[in-house]
Chemist: 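Dropping the structure in here first, questions after.
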Number of protein chains: 2
Amino acid sequence: MEFEPVAPVRAYERVVEQVEQAVFSGRLKAGERLPSERELMTQFGVSRSTVREALRVLQAGGMIRSKPGDPRGPEILPASPVNLHKSMHRLARAETMSLTELLQFRMLLEGSAYLLAARLRTDEQLAELETAMAAMTVAAEAGYEEFSRADIAFHEIIARATQNTLIVVCGEVVRGIVLDLIEDKLSHADDRRALMSAWLAHHREVFDAVRVRDGELAQRLARRAIFDHYSDYVPVRDRPLLFPLLGTAE
Amino acid sequence: MEFEPVAPVRAYERVVEQVEQAVFSGRLKAGERLPSERELMTQFGVSRSTVREALRVLQAGGMIRSKPGDPRGPEILPASPVNLHKSMHRLARAETMSLTELLQFRMLLEGSAYLLAARLRTDEQLAELETAMAAMTVAAEAGYEEFSRADIAFHEIIARATQNTLIVVCGEVVRGIVLDLIEDKLSHADDRRALMSAWLAHHREVFDAVRVRDGELAQRLARRAIFDHYSDYVPVRDRPLLFPLLGTAE
DNA sequence: CCATATTTGTCCGTATGTATT
DNA sequence: GAATACATACGGACAAATATG
């Protein structure tokens with residue numbers, strides 16, 4: 001028999017656990033209210049400071065929001081990706097997670113998104129993609145800011161077509177982090193116009209693949225595009241980690 | 001010009017911000033200590049409760065750890081993926097998330113993990129996989145509990161071989177949630193033995209693909225295995241959402 | 001629109017168990 | 001083993017903010 005080391009469980013942690021359990025089990029849904037702090041201290045049998053520490057933890061975790069003077073009590077918030085973004089950003093900044101890993105994951109996700117979108121898209125979504133393409137083309141003349149926004153809009157349509165929330169959210173988060181990490185390098189490059197037109201050409205190719213519902217091709221093209229666009233920023237010795245996702249290199 | 005709505009900035013938030021800044025900027029490194037709570041209240045010019053609420057938030061964010069009676073003060077922790085795990089978990093088990101989406105994401109992730117692992121694995125990791133396979137084979141006789149544990153061990157080796165934290169963490173989370181959702185149905189099935197031996201056969205196939213470094217094959221087999229094992233539990237009308245990931249069905 | 005009651009945000013003081021020196 | 005400094009937890013208090021009648 002093996003024994004586990006025990007860490008003392010703080011009072012506020014038990015409060016947090018109970019509230020989290022209530023939310024996860026569905027007994028408390030988004031939009032509903034928690035009792036007031038004074039009510040909670042009687043229900044849990046702890047002091048107000050303890051209740052408040054628990055509420056701060058829950059708030060930092062994105063579970064609740066509380067306003068001063070609101071007699072309805074703290075509000076249960078719907079699940080949101082902001083905390084996923086924060087924790088991922090922290091790992092990236094601490095260099096615990098390399099740009100290589102982020103790009104690998106982005107290639108993986110975005111490629112799969114295109115694979116699914118090509119098969120599952122509706123004709124209406126294809127039309128949306130076409131207008132988004134046109135918008136990107138004109139935005140490329142307007143400048144990097146505009147172009148970037150149009151690019152994001154395009155990706156959002158793709159993500160929606162997959163009908164998978166996790167793909168949508170993780171894709172957004174990872175794309176955002178990658179941009180945060182190398183946006184300055186990118187926007188200061190003197191060959192921005194060349195980059196934009198290359199990016200645009202890639203989109204055109206992948207759009208055609210989605211149009212004819214060739215998922216495998218769309219996936220390969222998307223991954224290749226990310227690789228071509230960003231691999232300059234990953235250390236040479238790390239690049240082999242990305243090759244398996246290109247589907248061609250041996 | 002657009003204006004943003006302003007939210008009042010609480011005292012404890014400013015304390016959190018300053019400490020986070022100190023950590024992110026590198027002025028405070030992992031292993032170093034924060035001043036004691038009493039010291040912090042004088043430096044920040046706030047009360048003890050405010051300092052404590054800030055420390056709770058930092059602790060919940062995985063930035064620090066504090067023990068009672070430690071005169072050295074709260075310890076700065078190295079960046080770790082546990083928070084990524086937590087926020088991913090929260091997101092993935094939101095009530096809006098269907099089993100179909102989770103399985104789709106799991107097929108996507110696990111397939112890619114095998115694709116990468118087949119190419120990037122070392123000979124040492126292959127040996128580990130072989131012993132894990134053997135352990136699974138004997139565990140299949142011992143019962144469902146043992147078998148499940150051995151299965152997890154196998155997947156952990158695969159995930160490690162990808163060298164990608166995001167794949168590891170997201171894989172763990174999604175696998176765990178899928179099991180939570182249908183574990184009871186699975187463990188009460190009367191054909192548990194048949195399920196286990198089928199699962200074992202699948203692992204043997206995919207192991208062989210990893211052995212000969214055929215990433216594409218390993219990916220296809222892994223996705224097919226998940227589909228075969230779980231698709232009974234997804235609504236019939238949702239199953240087409242999973243087909244594109246099988247790579248064969250048209 | 002105003003008045004009121006309630007709630008949160010913040011502060012202070014105190015008692016207790018704990019870890020380091 | 002004793003002394004010291006610390007975190008944990010409690011209770012009381014006041015001001016600012018807010019919803020409600």
Side-chain angles (χ1 to χ4, degrees), chain A residues 3-20 22-23 28-77, chain B residues 3-20 22-23 28 30-78:
Chain A
F3 291 108
E4 303 256 328
V6 289
V9 180
R10 311 286 175 222
Y12 82 93
E13 288 182 22
R14 287 201 304 262
V15 175
V16 170
E17 273 177 28
Q18 286 201 44
V19 177
E20 276 183 342
V23 172
L28 276 175
K29 292 171 191 167
E32 294 183 341
R33 300 301 184 123
L34 239 45
S36 73
E37 293 183 0
R38 286 173 178 77
E39 180 70 26
L40 287 173
M41 54 186 276
T42 69
Q43 287 194 27
F44 285 110
V46 296
S47 78
R48 195 152 95 94
S49 320
T50 305
V51 168
R52 285 183 60 77
E53 289 178 20
L55 290 181
R56 288 291 89 93
V57 171
L58 290 168
Q59 190 171 44
M63 312 262 307
I64 67 169
R65 171 179 54 186
S66 56
K67 281 187 305 185
D70 192 336
R72 293 168 302 182
E75 180 186 1
I76 309 287
L77 293 180
Chain B
F3 292 107
E4 302 260 329
V6 288
V9 180
R10 312 286 175 218
Y12 81 92
E13 289 182 21
R14 287 201 304 264
V15 174
V16 170
E17 272 177 28
Q18 286 201 44
V19 177
E20 275 184 343
V23 173
L28 276 175
E32 292 184 344
R33 301 301 183 124
L34 238 45
S36 73
E37 292 185 0
R38 288 171 179 80
E39 180 70 26
L40 287 173
M41 54 186 276
T42 70
Q43 287 196 27
F44 285 110
V46 295
S47 81
R48 188 81 189 285
S49 324
T50 305
V51 168
R52 284 181 62 77
E53 288 178 20
L55 290 181
R56 287 291 93 94
V57 171
L58 290 168
Q59 190 170 38
M63 313 262 308
I64 66 168
R65 171 179 55 186
S66 57
K67 284 185 302 185
D70 192 337
R72 294 168 300 184
E75 179 186 1
I76 309 287
L77 294 179

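Computed over heavy atoms, backbone and side chain alike; hydrogens, waters and symmetry mates excluded. All figures in this text were calculated on a predicted structure; none of them were measured in a lab.
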Chemist: Minimum heavy-atom separation for P35(A) to Q43(A), with atom names?
Modeler: CG-NE2, 3.9 Å
Chemist: Whole-Å distance between dT7(C) P and R65(A) CZ?
Modeler: 19 Å
Chemist: Scan R10(A) against the nucleic acid and name what it touches under 4.0 Å (heavy atoms): base, sugar-phosphate only, or nothing.
Modeler: sugar-phosphate
Chemist: Could you state the CD-C1' distance from E39(B) to dA5(D), rounded to the nearest angstrom?
Modeler: 13 Å
Chemist: How many whole angstroms separate atom CZ of R56(A) from atom P of dT10(C)?
Modeler: 8 Å
Chemist: Taking only residues two or more places apart in sequence or in another chain, which ones pass salt bridge (charged side-chain N to carboxylate O under 4.0 Å, His left out) with E75(B)?
Modeler: R65(B)
Chemist: Going 5' to 3' along nucleotides 10-15 of chain D, which nucleotides have protein heavy atoms under 4.0 Å from the base (write B), which only from the sugar-phosphate (write S), and which from neither (write -)?
Modeler: BB-B--
Chemist: Check the distance between dA7(D)'s C1' and R33(B)'s CZ and give it to me in whole angstrom.
Modeler: 13 Å
Chemist: Measure from CG on L55(A) to P on dT10(C) and round the result to the nearest Å.
Modeler: 13 Å
Chemist: Any base atoms under 4.0 Å from E37(B), or only sugar-phosphate, or nothing? Heavy atoms, all strands.
Modeler: base
Chemist: Please give me the minimum heavy-atom distance between P68(B) and R10(A), naming the atom from each residue.
Modeler: CD-NH2, 2.9 Å
Chemist: Taking only residues two or more places apart in sequence, or in another chain, which ones meet R56(B) in a salt bridge (charged side-chain N to carboxylate O under 4.0 Å, His left out)?
Modeler: E53(A)
Chemist: Rounded to the nearest 0.5 Å, what separation is found between the CE atom of M41(B) and the OG atom of S36(B)?
Modeler: 9.5 Å
Chemist: Going by heavy atoms in the side chains, are V51(B) and V46(B) under 4.5 Å from each other?
Modeler: yes
Chemist: Give me the atom names and distance for the closest heavy-atom approach of G62(B) to L77(B).
Modeler: O-CB, 3.7 Å
Chemist: Check the interface with nucleotides 2-4 of chain C: list each N/O to N/O pair with the protein under 3.5 Å, or write none.
Modeler:
none

Chemist: Checking side-chain contact (heavy atoms from CB on, under 4.5 Å) against V23(A), which of L58(A), L28(A), L34(A) comes through?
Modeler: L28(A)
Chemist: Mind listing the residues from residues 68-75 of chain B sitting with a heavy atom below 4.0 Å of DNA chain C? Number order is fine.
Modeler: P68(B), G69(B), P71(B), R72(B)
Chemist: Would you call V19(A) and L40(A) a side-chain contact if the rule is heavy atoms closer than 4.5 Å?
Modeler: no
Chemist: Tell me, please, which residues at least two apart from R14(A) pass salt bridge (charged side-chain N to carboxylate O under 4.0 Å, His left out).
Modeler: none
Chemist: What's the separation between atom CD in E32(B) and atom CD1 in I64(B), rounded to the nearest 0.5 Å?
Modeler: 14.0 Å
Chemist: Indicate whether OP1 or OP2 belonging to dT8(D) is found under 4.0 Å from a side-chain N or O atom of K67(B).
Modeler: no
